[in-house]
Number of protein chains: 4
Amino acid sequence: MTYLSSESQDGEPLSSVYPHLIGYADMKLRAFSVEEAAESCDAVFLARGNGWAMKHARQLLDAGCRVIDLAADFRLEDPDVWESYYKVPHEAQELLEDAVYGLPELHRDCIRGARLVANPGCYPTSATLALAPAVAGRWIETGDIIVNSASGVSGAGRSRTEAAYLYGEVEQNCRAYGVGNHRHTPEIEQELTGLAGEEIKVTFTPHLVPMTRGICTTVYAELAEGADEEDVRAAYEDFYQDAPFVRVLPAGKAPETKQVLGSNYCFVSPVLVERTRRLIVLSVVDNLVKGAAGQAIQNMNLMLGLDEKAGLDFPAVYP
Amino acid sequence: MTYLSSESQDGEPLSSVYPHLIGYADMKLRAFSVEEAAESCDAVFLARGNGWAMKHARQLLDAGCRVIDLAADFRLEDPDVWESYYKVPHEAQELLEDAVYGLPELHRDCIRGARLVANPGCYPTSATLALAPAVAGRWIETGDIIVNSASGVSGAGRSRTEAAYLYGEVEQNCRAYGVGNHRHTPEIEQELTGLAGEEIKVTFTPHLVPMTRGICTTVYAELAEGADEEDVRAAYEDFYQDAPFVRVLPAGKAPETKQVLGSNYCFVSPVLVERTRRLIVLSVVDNLVKGAAGQAIQNMNLMLGLDEKAGLDFPAVYP
Amino acid sequence: MTYLSSESQDGEPLSSVYPHLIGYADMKLRAFSVEEAAESCDAVFLARGNGWAMKHARQLLDAGCRVIDLAADFRLEDPDVWESYYKVPHEAQELLEDAVYGLPELHRDCIRGARLVANPGCYPTSATLALAPAVAGRWIETGDIIVNSASGVSGAGRSRTEAAYLYGEVEQNCRAYGVGNHRHTPEIEQELTGLAGEEIKVTFTPHLVPMTRGICTTVYAELAEGADEEDVRAAYEDFYQDAPFVRVLPAGKAPETKQVLGSNYCFVSPVLVERTRRLIVLSVVDNLVKGAAGQAIQNMNLMLGLDEKAGLDFPAVYP
Amino acid sequence: MTYLSSESQDGEPLSSVYPHLIGYADMKLRAFSVEEAAESCDAVFLARGNGWAMKHARQLLDAGCRVIDLAADFRLEDPDVWESYYKVPHEAQELLEDAVYGLPELHRDCIRGARLVANPGCYPTSATLALAPAVAGRWIETGDIIVNSASGVSGAGRSRTEAAYLYGEVEQNCRAYGVGNHRHTPEIEQELTGLAGEEIKVTFTPHLVPMTRGICTTVYAELAEGADEEDVRAAYEDFYQDAPFVRVLPAGKAPETKQVLGSNYCFVSPVLVERTRRLIVLSVVDNLVKGAAGQAIQNMNLMLGLDEKAGLDFPAVYP
């Protein structure tokens, strides 16, 4: 770590904002400067609000930095889709072509050569990893895919100091939100469409549950003719055999968010329901790790030619 | 309250097992005796494990008591379906015809005249109330209904002292379970089939989330031709206009489990997703109240000719 | 309820701010008007920030209303103590003489005749009820009293939308705060001093624990010469024999905050530790009920000559 | 890791019991065999119930293994004190002389040379680290020390599947337990007595709070004549200057359990309350790491001549 930036905490050591980092990150935060960043860094992580990176990434790229953006600016290939979900025009459309969607399990080789990586959203990470083998292998009908997710509250971020995220409102509470129009929907659709070679739409419903970290996604789709449990399961294992951070759990084991808490793993498990001819796939990630910062490091590792697992090779904190 | 029974706490005042009830329930628990129960009570609540009521309800009924069973014994009309889900033969099939499924919003009049009421499961309560108006009004296609539920852990009961229900395993954890074969599935199907006049199957997936009370159910179905938001919403309001414990929330408001915590209410909200032609219905209940004990009291009130709301007319404890 | 006021939600029905109250509190909130309040109400609850009531109580009193203030303005008899803890001068010192500290277990008769009641702080309620019988009966040395409390986060209020109260910061977290200078200290000291007839100082340390409601107070004091378990326990039972909302638990039972959640009860239990000659007293309250709104109603009941328990006679929601 | 043993899971890979460890601990668990353990290991961690190690440690020591016992068997130097708290005679008194109390901050050199280390209890770790500099430097009177602790529930262990540890009973609940007679009391007293050179007694009260991990300890003692904030704080920093896992927080910062969650750190902060002449010391540890397994590894590192921080040099998982 050679450079750390924050507007609101300019001049503070990171460890005074987060005392658990005393001795680990005592470097002072500084208001952002492209020049300083470019000079100090081979790769820069941008973790600002949506719309920020599209204004500043160009300069960093021009200065020779690799850029991993954790916001949504470069995730959607189609600027019209961006505008329809984010309600503002895209201001850096010329970069969209070079940007790679940073889900290594689908785009590992492209990420290796990329200068600009769009780190996926937390929900799309869990949903796309749950569906990719089924879509790629045509084990499901693609017309009626349902993605139902439950997330811990840290997805909202620490600056969202609204009453809705206070402990007293979140505790003992479970609720759906963003029904029918959540911004992560087009990311999931884009990636599945890419895998299927035909347009795929999904119905996606996120829920807030009383935990800090973790996403538990349950996807439902109609089984394709002839699909059976053994084949589907084999297809999942095959699809992820070279993916160091995705584990297909043994049949009969449902993944739990706590099994990946604090780690970069995604645990998935496909289940066939013959009675209603449905494929249900369960997947879990830690939204702050595989769903955000961990996946960003995984992407950086690939971009810089490092071991994909560098700095990430540890299991969950349990219990 | 004139009689309280417990095998494991025979001789103890209820308030010594649950000190919060000191001054409210100091009556001693006694090992169950049909004679004592029949002599002391107009109506008896049975809250034992599955299989117990089918052995003992007959005697109570013969002695003139009304019986409300909180277990599953009399919920399914078809003993074969019972056996296929519960794996033991039904031992009181002759009572099935008289038993009424105790969901007042669907069967109020029958409950009024009933001597034996089967109190619904917690998940079926939330799922059936979410779907009933849509099925009854044919606002949805019935071929691909998905029921996705998240429940607090109290549904497992206090005697389930397994590692899986310890605080350290439940906290910060979310997981699906019983995928494709949960025992509450046939209850939901039976009630929806009754409303539709044709066989309905559902794919039901329950999840455990880190809270004590509450069920948050999200159902997905394909919209019927021509259904629009306003009509569907009006149909929901109409369907529940005489139901004192179901509230259809205003458009744009998603129900939250905390809004019904400790109360007998079910909050529901239908949402149309035009983009994928789906009806999503959100519903919440407190699994221990509308999903169990509260609904049992509501049923007793109806059976005894009391005000349906007697003893239940209070809002949630919030926050 | 005849009048409801809110500055920030002027014009909204209370039930649209808190949907769990639909059907129970659909009255519209209005910006505060002394005239309207005085005209509509026999008793007015003030629940604004510290410093507000001292500006407005006089007018309400002059208009003939009884006033119960839930803030700190009238809790401390000595305006100098007020100023030293609250850092601003007291602006309504002429009312201090008439104000009664609204802890019914100590001041029931005075409250009955009062026009202005200062509703106690949540911590002082639990601490004073834990210590009062021991101080009044001189069962302890008064020189080294320690009050250690743990509170749920709702004590901070819903408008405190700081990062520190977000779910992700509170969950799995326990910490002391306000060490050595918390504003509730002088309330405890004032009440104990009144009971003892000599000046008492206490060392008070509050802690924040990951729950919404509840205060668990543990007090430590040196046993007086000759005090034994039986006598002390009898003294506690005696002291609270006419207090409908304080229960002295049987020996060997430690009170739990969940046993009073949602209720107006305070459970206390004195324990003698002979080995170190200490009296430890455990007490629990729900900070939002006996520690705030419930006690305010209890005070109103007394002021208006109603049954002390009116509207409050129910046990905790458990679990 | 060369050997893993479990009676109840004999034959299972550890990662099938704890799926988060797939890929990290796939070694099979085996019923314990001294011969196998001794042959495979330089150091053996014993983590069984109290009383087990005193039966089996001798054989492992004779076979040349270093032994770190995580139970209480070898923590108390005086077998009479053991018997008075644990209610059974000590069966391996001949080993007590060789056993070293494994708190590296007090006994680093002895641990380096030890063959048998008694890993401290979780509460004594937090309490002793909070008090050691004050006692060693005579900054406090030793006659009236109060130790008040709040712990997450994982301290009870995963095999304690009692109703009291179910999620529904722990959530939203805070309670004291073991008042006046908790078994960790004599450990604290032994270590403080050793530091003071005179007998010290403490009044210790543990509390259960709704979290999985973490202990938050608040100690109270009378300030010695002449002690001032600056000196005491300097003494704390000095005492722990060579301790890699204890951090004295800057004045004004109260430690939080979440700041050490998942890490081997203890954060401490002394606060002087002049008004009542008290020293309050706040300390936090993760009971499963510095309070158990992490400290055991730290001890092993010292015993085997490894870097004290090996395998433990990482901060908390936050939030």
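Keep in mind the model is a prediction, meaning the values are calculated, not measured. Numbers restart at 1 for each chain; the letters A, B, ... are given by sequence-line order, proteins then strands.
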Q | Part of A:Glu274 lying under 4.5 Å from any heavy atom of chain B | A | neither

For [X], is it the side chain, the backbone, both, or neither that has a heavy atom closer than 4.5 Å to a heavy atom of chain A?
{"X": "B:Asn181", "answer": "neither"}
{"X": "B:Arg278", "answer": "side chain"}
{"X": "B:Ala176", "answer": "both"}

Which residues from [range] are near chain B, with near meaning under 4.5 Å between non-hydrogen atoms?
{"range": "residues 215-226 of chain A", "value": "A:Cys216, A:Thr218, A:Tyr220"}
{"range": "residues 195-208 of chain A", "value": "A:Lys201, A:Val202, A:Thr203, A:Thr205, A:His207"}
{"range": "residues 182-190 of chain A", "value": "A:Thr185, A:Glu189"}
{"range": "residues 255-262 of chain A", "value": "A:Pro255, A:Glu256, A:Thr257, A:Lys258, A:Leu261"}

Q) Relative to chain B, which of A:Met211, A:Arg175, A:Gln172 shows the most heavy atom pairs under 4.5 Å? A) A:Gln172

Q | Choice from A:Val271, A:Thr212, A:Leu166 maximising heavy atom contacts with chain B below 4.5 Å | A | A:Thr212

Q: Heavy-atom pairs under 4.5 Å with chain A are the metric here; pick the option from B:Pro319, B:Ala254, B:Cys174 that has the most.
A: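 Ranked by heavy-atom pairs under 4.5 Å with chain A, first place is B:Cys174.
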
**Q.** Nearest heavy-atom neighbours spanning A:Gly180 and B:Val273
**A.**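 Smallest interatomic distance, heavy atoms only, reads CA-CG2, 3.8 Å.
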
Q: To the nearest 0.5 Å, tell me how far A:Ile146 CD1 sits from B:Thr276 OG1.
A: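 Atom-to-atom, A:Ile146:CD1 and B:Thr276:OG1 are 7.0 Å apart.
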
